[in-house]
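Heads up: the structure comes next, in structure tokens.
Quantities reported herein were computed from a predicted structural model and do not represent experimental measurements.
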Amino acid sequence: MNSPKIYDAIIVGAGHAGVEASLSVARAGYQVLLLTMSADTIAKMSCNPAIGGIAKGHIVREIDALGGEMGLAIDQTGIQFRMLNRSRGPAVWAPRAQADKQEYHEYMRRAVESEKNIDLKERQVVGLLIKNGVCGGIKTQLEENFFGKSVIITTGTFLQGLIHVGDENFPGGRSGEKSAVGLSASLIENGIELIRFKTGTPPRLRANTIHWKLLEEQKGDDPPQPFSYRNEKITTQQLSCYLTHTKEKTHQIIRDNLHLSPLYAGRIHGTGPRYCPSIEDKVVKFFDKQRHQIYLEPEGRNTDEIYVNGLSMSLPKEIQVQIVRSMQGLEEAEIIRYAYAIEYDCAPPTQLKHSLETKKIKNLFLAGQINCTSGYEEAAGQGLMAGLNVIRTLREEPPFILDRSEAYIGVLIDDLVTRGTSEPYRIFTSRAEFRLLLRQDNADDRLMKYGCEFGLISKEIYEGCKNKYERVRSEIKRMRGVWYQGQSMDAILKRPNESINSLLQNKLYSSNLSKNEIISVETEIKYEGYIARQIAEVKKFKRMEHRIIPPSIQYEDIKGISCEAKEKLSRIRPESIGQAGRIPGVSVCDASLLAVYVEKIRKAK
């Protein structure tokens with residue numbers, strides 16, 4: 001059966017990537033079909049009930065500045081807010097919030113269902129409709145054909161998902177939900193390579209069976225800071241998290257039962273995340289460590305479920321009980337839901353352009369965990385960028401690309417499409433060369449202009465952003481003109497233990513700026529020299545990014561570059577000399593020879 005309607009965009013999957021993709025396209029005025037196997041799982045938090053963290057919090061701020069929904073959602077549904085890394089430099093400060101996972105899902109469902117340009121349907125997609133290398137729609141399990149000008153696949157862990165608990169394994173995209181079958185075959189038939197990755201989740205405990213007084217309380221910030229630049233403050237009451245640790249007894253139980261873990265018994269073949277390993281992996285790989293931190297995090301205000309952060313595993317159920325009860329405060333804890341590992345299909349992201357459109361199939365975009373990433377935030381950022389690029393396609397405009405000097409989202413996507421990944425990719429501040437410029441406090445200054453251009457940020461909000469940074473720049477200028485004991489205020493502020501707050505408290509200085517504006521002023525002044533150097537480096541970076549490589553170039557014809565470089569350049573097809581130089585296996589010498597060859601082509605024209 002063929003649907004009579006031709007949609008501007010079809011989004012497959014309503015997780016964190018799918019929601020951001022569909023909302024962006026619909027709010028720009030286009031007709032969207034959003035397909036999910038269950039509307040009851042829209043933006044469901046399959047694992048950790050939290051948003052943000054190191055570098056992830058930066059991405060959420062960037063999503064918000066571009067007009068996405070994630071920041072607004074967590075501000076409305078958060079139950080604890082913390083700014084991480086305050087003891088370190090501002091480049092690595094990162095907001096994080098525990099979410100009421102049910103409220104978060106309900107918020108996002110309302111956002112989708114209230115958008116007049118989104119048709120939400122419960123369907124399982126089993127195939128792509130492709131003609132002459134162009135994707136024009138999808139086929140469902142019910143033999144329906146839906147047509148669209150672009151298709152965005154955001155299937156998360158559902159493609160051929162296989163769940164493991166001990167020696168048990170069964171198909172599933174998440175615990176209690178069926179996996180997506182059929183779409184993998186269609187992708188492969190149309191030239192998209194797929195591989196297997198693995199991730200996992202820890203057990204959930206019943207709150208009233210935990211001895212809370214034996215645990216270390218972890219409170220949120222007071223006052224809490226919002227994620228969204230469109231919110232002024234958080235007014236909801238916060239809940240505490242708690243800390244315990246594994247013991248030698250815990251580790252011994254794990255060592256004694258490693259043969260029962262599907263990970264170590266060879267039943268799991270997918271590659272797991274290095275930076276979020278299972279407890280089996282931690283005990284084996286960090287054998288000299290006597291204990292590991294375990295955080296107990298509430299999953300919501302009105303649920304008895306406690307998330308056990310740091311205890312991801314796939315051991316048999318009875319062993320999970322022993323492991324949990326070996327730790328302080330958990331001696332009588334009851335498991336509501338057991339931990340499990342899941343294997344799933346994903347597509348190596350070197351098959352994508354920076355716009356997240358596939359290189360082999362026009363108008364087909366991939367976003368989220370299907371691109372070999374991990375985390376809600378990385379998925380949401382990709383979903384939003386795929387949506388914005390669909391908008392550009394519909395407007396017949398050039399792709400919307402954020403480069404590495406503009407945003408962590410740019411770092412994320414460039415890492416994926418240029419370097420690829422052999423494990424579930426996770427963003428870190430250390431991946432960004434210009435991280436002092438890409439702070440969590442200035443994402444609005446960097447990116448809100450784009451959100452306004454797409455119509456996702458109102459002109460009023462954008463004008464407020466511009467006015468804010470005019471005040472910041474004026475204050476910096478004013479501090480350079482106010483003197484005390486032979487030194488300007490900005491010079492005094494550069495002292496290691498000095499701050500604007502101490503200047504204000506000692507009545508050496510006065511200011512009408514907000515708390516966040518003061519932080520921006522202080523950061524710009526204290527790190528002025530470092531920021532100037534990074535700005536100079538960005539200029540060099542931009543020059544290399546602007547040296548475009550002709551799409552028709554034949555790398556086999558370039559004399560002097562290595563065979564490995566020729567193979568990787570031919571496969572990835574970089575768009576610029578800068579991107580070519582970031583491909584693993586392409587040396588500085590290879591990139592220089594390529595630059596000379598490209599210049600000869602340019603002059604010959």
Quiz item: If you count the non-hydrogen atoms of other residues, nucleotides and ligands that lie under 6.0 Å from CZ in Arg255, is the total more than 12?
Solution: yes
Quiz item: Sub-3.5 Å donor-acceptor pair from the side chain of Arg267 to the main-chain atoms of Gly166, do we have one?
Solution: yes
Quiz prompt | 4.5 Å side-chain heavy-atom contact, Ile11 and Thr154 | solution = yes
Quiz item: Under 3.5 Å, is there a donor-acceptor pair linking the side chains of Ser228 and Asp75?
Solution: no
Quiz item: Which heavy atom in Gly329 sits nearest to a heavy atom in Leu215, and how many Å separate them?
Solution: CA-CD2, 3.9 Å
Exercise. Determine the interplanar angle of the Trp212 and Tyr242 rings, folded into 0 to 90°, and report it as parallel if under 30°, tilted if 30 to 60°, perpendicular if over 60°.
Key: tilted
Quiz item: Do we see a donor-acceptor contact under 3.5 Å between the side chains of Arg174 and Ser46?
Solution: yes
Quiz item: Just checking, Arg88 and Trp93: is the charged tip under 6.0 Å from the six-membered ring centre and within 45° of the axis?
Solution: no
Quiz prompt | Main-chain N/O of Leu214 paired with Gln328 side-chain donor or acceptor, under 3.5 Å | solution = yes
Self-check item: Residues Tyr107 and Glu69: side-chain donor-acceptor under 3.5 angstrom
Solution: yes
Quiz item: Do the side chain of Glu305 and the main chain of Ile336 share a donor and acceptor less than 3.5 angstrom apart?
Solution: no
Quiz item: Okay, side chain of His105, backbone of Asp40: is any donor-acceptor separation there less than 3.5 Å?
Solution: yes
Quiz item: For the side chain of Arg61 and the backbone of Phe227, is there at least one donor-acceptor N/O pair under 3.5 Å apart?
Solution: yes
Quiz item: Is there a donor in the side chain of Ser184 and an acceptor in the side chain of Gln160, or the other way round, less than 3.5 Å apart?
Solution: no
Self-check item: Donor-acceptor under 3.5 Å (Lys359 side chain, Thr350 main chain)
Solution: yes
Quiz item: Taking atom CD of Gln237 as the centre, does the number of heavy atoms from other residues, nucleotides or ligands within less than 6.0 Å exceed 12?
Solution: no
Exercise. Might you point out which heavy atoms bring Ala17 and Ala379 nearest each other, and give the distance in Å?
Key: CB-O, 3.2 Å
Exercise. Starting from the C-alpha separation in whole Å, work towards a yes-or-no answer on side chain to side chain contact (heavy atoms under 4.5 Å, CB included) for Arg123 and Leu35.
Key: CA-CA 6 Å; Arg123 299 288 194 280; Leu35 299 169; 4.0 Å; yes
Quiz item: Short question: side chain of Ser374, backbone of Tyr425 - any donor-acceptor pair under 3.5 Å?
Solution: yes
Quiz prompt | Plane angle bin for Tyr344 and Phe197 - parallel if under 30°, tilted between 30 and 60°, otherwise perpendicular | solution = perpendicular
Quiz item: Does Leu412 offer a backbone N or O that forms a donor-acceptor pair with the side chain of Glu378 under 3.5 Å?
Solution: no
Quiz item: Can you name the nearest heavy-atom pair linking Gln80 to Leu239, along with the distance?
Solution: NE2-O, 3.1 Å
Quiz prompt | Heavy-atom donor-acceptor pair, Asp221 side chain to Met83 backbone, under 3.5 Å | solution = yes
Quiz item: Which atoms form the tightest heavy-atom contact between Thr246 and His251, and what is the distance?
Solution: OG1-NE2, 2.9 Å
Practice problem: Give the C-alpha distance, both sets of side-chain angles, the deciding distance and a yes or no for salt bridge (Lys or Arg N to Asp or Glu O under 4.0 Å) between Lys44 and Glu177. | Solution: CA-CA 12 Å; Lys44 184 175 181 179; Glu177 299 173 43; 2.9 Å; yes
Quiz item: Closest heavy-atom contact between Leu34 and Ser22?
Solution: CD2-OG, 3.8 Å
Quiz item: Would you call Arg337-Glu299 a salt bridge at under 4.0 Å N-O?
Solution: yes
Exercise. Could you tell me whether Lys139 atom NZ has more than 12 heavy atoms of other residues or ligands within 6.0 Å of it?
Key: no
Quiz prompt | Neighbour count above 12 (heavy atom, 6.0 Å) for Glu318 CD | solution = yes
Quiz item: Can a cation-pi geometry be assigned to Arg204 and Tyr338, taking NZ or CZ under 6.0 Å from the six-membered ring centre and within 45° of the ring axis?
Solution: no
Practice problem: Using only heavy-atom distances, determine whether the side chains of Asn309 and Glu297 contain a donor-acceptor pair under 3.5 Å. | Solution: yes
Quiz item: Can you name the one residue among Arg325, His211, Arg206 that meets side chain to side chain donor-acceptor pair (under 3.5 Å) with Glu332?
Solution: His211
Quiz item: How far apart are the closest heavy atoms of Gln76 and Glu103, and which atoms are they?
Solution: O-OE1, 4.4 Å
Quiz prompt | Test item: His58 side-chain N/O and Ala91 main-chain N/O as donor-acceptor pair under 3.5 Å | solution = yes
Quiz prompt | Lys198/Glu343 salt bridge by N-O under 4.0 Å criterion | solution = no
